[in-house]
2 protein chains.
Amino acid sequence: MNIKTATEIGKCLSNQTRVQIMEWLKKPEKNFPPHESLKHFNDGVCVTYIHEKAGLSQSTISSYLTNMEKCGLLILTRHGKWSYLKRNEKVIKEYTDFIT
Amino acid sequence: MNIKTATEIGKCLSNQTRVQIMEWLKKPEKNFPPHESLKHFNDGVCVTYIHEKAGLSQSTISSYLTNMEKCGLLILTRHGKWSYLKRNEKVIKEYTDFIT
DNA sequence: TCTACATATCGGTAATTATAGATATATTAG
DNA sequence: CTAATATATCTATAATTACCGATATGTAGA
């Protein structure tokens, strides 16, 4: 981890909604309804559910999640028309190691 | 640690200069000259040295450091006319535990 | 006291981020 | 193919943050 990457991650974690999303994704099955087509949360939660729970516009949440994926905080997996997002624990660990 | 506090810390860590300051303060004796009046770095580094090393205006650095102290990332100790700042490892740990 | 120095705060403008609505793209169902 | 649904991207404006210079405050020493 370098300073530039760490700062990008810090930017993602500088907004209450985004921090909240990171928290929700710790326990997807507790915080979101079960998926229609997928029987598991192995790849996380789809954009729509996060959007509905967060209460901000679809475009806002989509760009939040895109940025969070780009800086490595989240892992994106596409299944059909859905995009699933889960925490990238490896990068989160690298980040916390860096700032510690 | 709660979401609000974590977000405030995230805001402090969303700027490259501030992240850099946190890094410098890991090893004060390596990154800063020795103090004139104090013989040790037990309370960290004074505002002037951080200001000079960062290359931004005194007022900007002062407000950075004030915010970083308010959200708990730094500990401020005054000795005479100098303000010394050091990392608050306890809060940093609480923060990394929270986001992990 | 007066002066010098260290730091904090104030007031302003520039730059960035937040956020929405509209629209584009991708995928599936029929 | 067409329609419906999920997500991404574009464009614009509002809100926030960045940053500086000026000024205020606080402290030590002459």
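Naming: A, B, ... by sequence-line order, numbering from 1 per chain.
Counting any heavy atom pair closer than 4.0 Å across all strands shown, A:S62 reaches a base atom.
Note: A:H35 and A:F41 have tilted aromatic rings, judged against thresholds of 30 and 60 degrees for the angle between ring planes.
As a whole-Å value, the separation of B:M68 CE from C:dA8 P is 13 Å. Straight-line distance from the OH atom of A:Y84 to the P atom of D:dA8: 13 Å, rounded to whole Å. If you take NE2 of A:H35 and C1' of D:dA6, they are 13 Å apart, rounded to a whole angstrom. For A:E69 and D:dT9, the CD to P distance is 10 Å, given to the nearest whole Å. A straight line from CG of B:L76 to P of C:dT9 spans 10 Å, rounded to a whole angstrom. Distance A:D43 CG to D:dT7 C1': 17 Å, rounded to the nearest Å. Whole-Å rounding puts the A:H51 NE2 to D:dT9 P distance at 17 Å. Between the C1' atom of C:dA8 and the CG atom of B:L74 lies a distance of 16 Å, rounded to the nearest Å.
Proximity of A:S83 to the phosphate of D:dA6: no side-chain N or O atom is located under 4.0 Å from OP1 or OP2.
Listed nucleotides: C:dT7, D:dT7, D:dT9. Nearest to the side chain of B:T48: C:dT7.
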*Go along nucleotides 18-24 of chain C 5' to 3' and tag each nucleotide: B for a protein heavy atom under 4.0 Å from its base, S when only backbone or sugar atoms are that close, - otherwise.*
SBBBB--

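Checking A:S63 against A:T66 by side-chain atom types alone, no donor-acceptor pair falls below 3.5 Å. With no hydrogens or angles considered, no side-chain donor-acceptor pair links A:T100 and A:D97 at under 3.5 Å.
Going from atom SG of A:C71 over to atom CD of A:E69 covers 9.0 Å, rounded to the nearest 0.5 Å. Rounded to the nearest 0.5 angstrom, B:M68 CE and B:K11 NZ are separated by 15.5 Å.
A salt bridge links A:K90 and A:E94; the closest N-O separation between the charged side-chain nitrogens and carboxylate oxygens is under 4.0 Å.
Listed for the A:R18 side chain is a donor-acceptor partner under 3.5 Å among the backbone atoms of A:C12. With hydrogens and angles disregarded, a donor-acceptor distance shorter than 3.5 Å links the side chain of A:N31 to the backbone of A:W24.
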Contact list (N/O, under 3.5 angstrom) for nucleotides 25-30 of chain D vs protein:
none

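Figure legend: A:K26 and B:F98 shown as a cation-pi pair, the cationic atom lying under 6.0 angstrom from the six-membered ring centre and within 45 degrees of its axis.
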